[in-house]
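Step one of this worksheet: look at the structure below.
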Amino acid sequence: MKIIDGGVCAAKGFKAGSVRCGIKASRTNDDTAIIFSECECNAAATYTMNRVKAAPVYVTMEHLENGVARAIVANSGNANACAPDGMENARRMAKAAASFLGVEEEDVAVASTGVIGQRIDIECIEEHLSEIVLSDDASEQANRAIMTTDTRTKTAAVEFTVGGKTCRIGGICKGSGMIHPNMGTMLSFITTDCAISHEMLTDALQENVKKTYNRVTVDGDTSTNDMCVVLANGLAGNELIDWQNEDYQAFCKALNEINTRLARQIAADGEGATKLVTCTVRNSRSEETAERLAKAVVGSNLVKAAMFGADANWGRVLCAMGYSKAPFRPEYVDVAFESENGSVAVCEKGAALNFDEELAKKVLTANEVTIQIDVHEGEHAATAWGCDLTYDYVKIN
């Protein structure tokens, strides 16, 4: 597997583009993007677990029910959630994109992000959407168009081999606030030229989302709008993957690389964040237990605040583990903090260690900090990602 450039345009047959429609008057840059395949794609998606779902989520669910699609249209500045005429306007958005692209309305996935509860200015989208110029090097442009409180674009792409054929998979995403396990205010769009059936694509995506996006938390809020959509057009020319063989495993490995990279970028760009906080729980009795423990730690406001202050307050780590409802024995737990600045063990068998406070401070001032936890109860592991909690998070919200 090789890391490459190109994002959603890395794979053969995919183009992207964006335009400023004027959805939000104060926004001066592009606010609407399209991702398009030159041929029909097998498609799969996952959606928010929030009971309150935005209209574009429901429309995309309808359109992808048959497992095929050609395009994704997405806007920022308005979530079209709990909004007047929501379903009608989401369908109008799909129709406008379909008309511009010359495809069926049902072959367009729709996504929106932004303010909740306000009617989306669908008329401006209908007026300006046809101004988009599609290009095979416009992934970054499309990425910027879907950003809200994000401070930077988030992208990844890899090249891999399936059945002797070179395949590519790439993605872009947005997400900074209202992020919590079971997805959050995040939109992730992934494209690949690998030939894979809708059924296998769905299996791969649903399984991988559990171990990537669903292990990210910024602020404990699960959004109304998030979704992850994957389009596979098969132009790499490999034999269709329609069962879980070695080719399927190769595809899953590439998909995991993309989603892990994007998930980490979301966590690192949490609203107001100054650092990415990773928690890895090792030697657990089950992966589920390790996951619940890791999520609890990166989701703890007290841990997040300690990370902001570069304070090696490991008691907050054990406290978060204790209310996670995951089974473990506190008297077995070891905790250490790691970063590019070094490593410091702070807890052994559930009790304090004498450690160098200055070294600990140095370790925790890095831009990425890892909390290493060994529960000494088995052989399973899991990793979750979060960020620190800063004054700016409150200001932004």
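Starting from 1, each residue takes its place in the sequence as its number.
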>> Can you tell me how far apart SG (C194) and OH (Y248) are? Round to the nearest 0.5 Å.
In response: 11.5 Å
>> Apply side-chain contact (heavy atoms from CB on, under 4.5 Å) to residues C228 and I190 and explain how you reach the verdict.
In response: CA-CA 8 Å; C228 176; I190 301 167; 3.9 Å; yes
> Does any pair with a residue in residues 71-82 pass side-chain hydrogen bond (donor to acceptor under 3.5 Å, both in side chains), and if so which ones, sequence neighbours excluded?
Replying inline: R27-S76, N75-S112
> Is the closest side-chain heavy-atom distance between T212 and N256 below 4.5 Å?
Replying inline: yes
> Do the non-hydrogen side-chain atoms of D247 and N238 ever get within less than 4.5 Å of each other?
Replying inline: no
> Any salt bridge (Lys or Arg N to Asp or Glu O under 4.0 Å) pairs touching residues 362-388, not counting sequence neighbours?
Replying inline: R264-E368, R282-D374, R285-E377, R329-E377
> What is the minimum heavy-atom distance between H63 and V108, and which atoms define it?
Replying inline: ND1-O, 2.7 Å
> Taking atom types as modelled and ignoring hydrogens, do the side chains of T148 and K174 form a donor-acceptor contact shorter than 3.5 angstrom?
Replying inline: yes
> So, for A320 and S300, which heavy atoms are closest and what is the spacing to 0.1 Å?
Replying inline: CB-CB, 3.9 Å
> What residues, two or more places apart in sequence or in another chain, satisfy side-chain contact (heavy atoms from CB on, under 4.5 Å) together with R292?
Replying inline: E288, K325, A326
>> Applying side-chain hydrogen bond (donor to acceptor under 3.5 Å, both in side chains) to S135 and D137, what does each step give before you reach the verdict?
In response: CA-CA 5 Å; S135 168; D137 64 354; 2.3 Å; yes
> Just by distance, do the side chain of D30 and the backbone of R20 share a donor-acceptor pair under 3.5 Å?
Replying inline: yes
>> Check whether N143 reaches the backbone of C173 with its side chain - one donor and one acceptor, N or O, closer than 3.5 Å.
In response: yes
>> Could you measure the distance from the CG atom of L318 to the OH atom of Y323? Nearest 0.5 Å is fine.
In response: 11.5 Å
>> According to side-chain hydrogen bond (donor to acceptor under 3.5 Å, both in side chains), who are the partners of S339, at least two apart in sequence or on a separate chain?
In response: none
>> Is a donor from one side chain sitting under 3.5 angstrom from an acceptor on the other, for N208 and N259?
In response: yes
> Could you give all pairs that pass the salt bridge (Lys or Arg N to Asp or Glu O under 4.0 Å) test and reach residues 150-164, with sequence neighbours left out?
Replying inline: K2-E159, D150-K154, R152-D269, K154-D269, E159-R168
> Looking only at atom types and distance, does a side-chain atom of D85 sit under 3.5 Å from a main-chain N or O of E88, one as donor and one as acceptor?
Replying inline: no
> Just by modelled atom types, is the L364 backbone N or O under 3.5 Å from a matching donor or acceptor in the K275 side chain?
Replying inline: yes
> Under a 4.5 Å cut-off applied to non-hydrogen side-chain atoms, are L353 and V346 in contact?
Replying inline: no
>> Please enumerate all residues that pass ring pair (Phe, Tyr, Trp, His ring centres under 6.0 Å) together with Y391, with sequence neighbours excluded.
In response: F308
> Quick one: CD1 on I258 to OG1 on T155, what's the gap to the nearest 0.5 Å?
Replying inline: 8.0 Å
>> Testing the basics here: between A44 and T202, what is the closest heavy-atom pair and its distance to 0.1 Å?
In response: CB-OG1, 3.5 Å
>> One pair to check against side-chain hydrogen bond (donor to acceptor under 3.5 Å, both in side chains): T383 and T280. What are the steps and the verdict?
In response: CA-CA 4 Å; T383 297; T280 296; 2.9 Å; yes
> Do other residues, nucleotides or ligands put more than 12 heavy atoms under 6.0 Å from D5 CG?
Replying inline: no
>> So, taking the atom named CH2 in W314 and the one named CZ in F355, what distance separates them when rounded to the nearest 0.5 Å?
In response: 8.5 Å
> Can you name the residues that form a side-chain hydrogen bond (donor to acceptor under 3.5 Å, both in side chains) with S343, not counting sequence neighbours?
Replying inline: none
>> Using the salt bridge (Lys or Arg N to Asp or Glu O under 4.0 Å) definition, which of the options E287, E257, E291 pairs with K211?
In response: E287
> Pick from T48, T113, T46, N50: which one makes a side-chain hydrogen bond (donor to acceptor under 3.5 Å, both in side chains) with D226?
Replying inline: T48
>> If the condition is side-chain hydrogen bond (donor to acceptor under 3.5 Å, both in side chains), which residues does D31 pass it with, not counting sequence neighbours?
In response: none
>> For A71 versus F36, what's the shortest heavy-atom pair and its separation?
In response: CB-CD1, 4.0 Å
> Counting distance only, does the side-chain N/O of D392 pair as donor-acceptor with the main-chain N or O of K395 below 3.5 Å?
Replying inline: no
> How many angstroms lie between atom CD1 of I371 and atom CD of E338, to the nearest 0.5 angstrom?
Replying inline: 11.0 Å
>> Taking S284's backbone N and O only, do any of them form a donor-acceptor pair with H380's side chain (distance below 3.5 Å, no angle check)?
In response: no
> Does any N or O in the side chain of D193 come within less than 3.5 Å of the main-chain N or O of G13, such that one atom is a donor and the other an acceptor?
Replying inline: no
>> Using every non-hydrogen atom in the two residues, find where A145 and A33 come nearest and quote the distance to one decimal.
In response: CB-CB, 4.0 Å
> Any side-chain heavy-atom pair from E199 and D242 closer than 4.5 angstrom?
Replying inline: no
> Could you give all pairs that pass the salt bridge (Lys or Arg N to Asp or Glu O under 4.0 Å) test and reach residues 53-77, with sequence neighbours left out?
Replying inline: E62-R91
>> Is there a side-chain contact between C387 and K304 in this structure, where contact means two heavy atoms from C-beta onward sitting under 4.5 Å apart?
In response: yes
>> Let's go through I34 and L129 carefully: what are the C-alpha distance in whole Å and the side-chain angles of both, what is the deciding distance for side-chain contact (heavy atoms from CB on, under 4.5 Å) to 0.1 Å, and is it a yes or a no?
In response: CA-CA 9 Å; I34 283 179; L129 201 63; 4.1 Å; yes
>> Could you work out, with side-chain contact (heavy atoms from CB on, under 4.5 Å) as the rule, every residue matching E239, not counting sequence neighbours?
In response: none
>> Minimum heavy-atom separation for T390 and G272, please, with both atom names.
In response: OG1-O, 2.6 Å
> Is any side-chain N of the basic residue among E357 and K361 closer than 4.0 Å to the acidic one's carboxylate O?
Replying inline: no
> Can you check whether Y332 reaches N283 side chain to side chain, under 4.5 Å on heavy atoms?
Replying inline: no
> Between F189 and I72, is any pair of side-chain heavy atoms under 4.5 Å apart?
Replying inline: yes
> Measuring from W385:CH2 to Q265:CD, what's the distance to the nearest 0.5 Å?
Replying inline: 12.0 Å
>> Under the rule for side-chain hydrogen bond (donor to acceptor under 3.5 Å, both in side chains), what residues qualify as partners of D334, not counting sequence neighbours?
In response: H376
> Is there a side-chain contact (heavy atoms from CB on, under 4.5 Å) between N233 and F14 once you walk through the steps?
Replying inline: CA-CA 9 Å; N233 64 17; F14 285 99; 3.0 Å; yes
> Side chains of N367 and T274: closer than 4.5 Å at any heavy-atom pair?
Replying inline: no
>> Among residues at least two apart in sequence or on other chains, which ones pass side-chain contact (heavy atoms from CB on, under 4.5 Å) with Q249?
In response: none
>> I'd like to know whether I23 forms a side-chain contact (heavy atoms from CB on, under 4.5 Å) with I125, so could you lay out the CA-CA distance, the side-chain angles of the two residues, the decisive distance to 0.1 Å, and finally the verdict.
In response: CA-CA 7 Å; I23 296 168; I125 294 175; 3.8 Å; yes
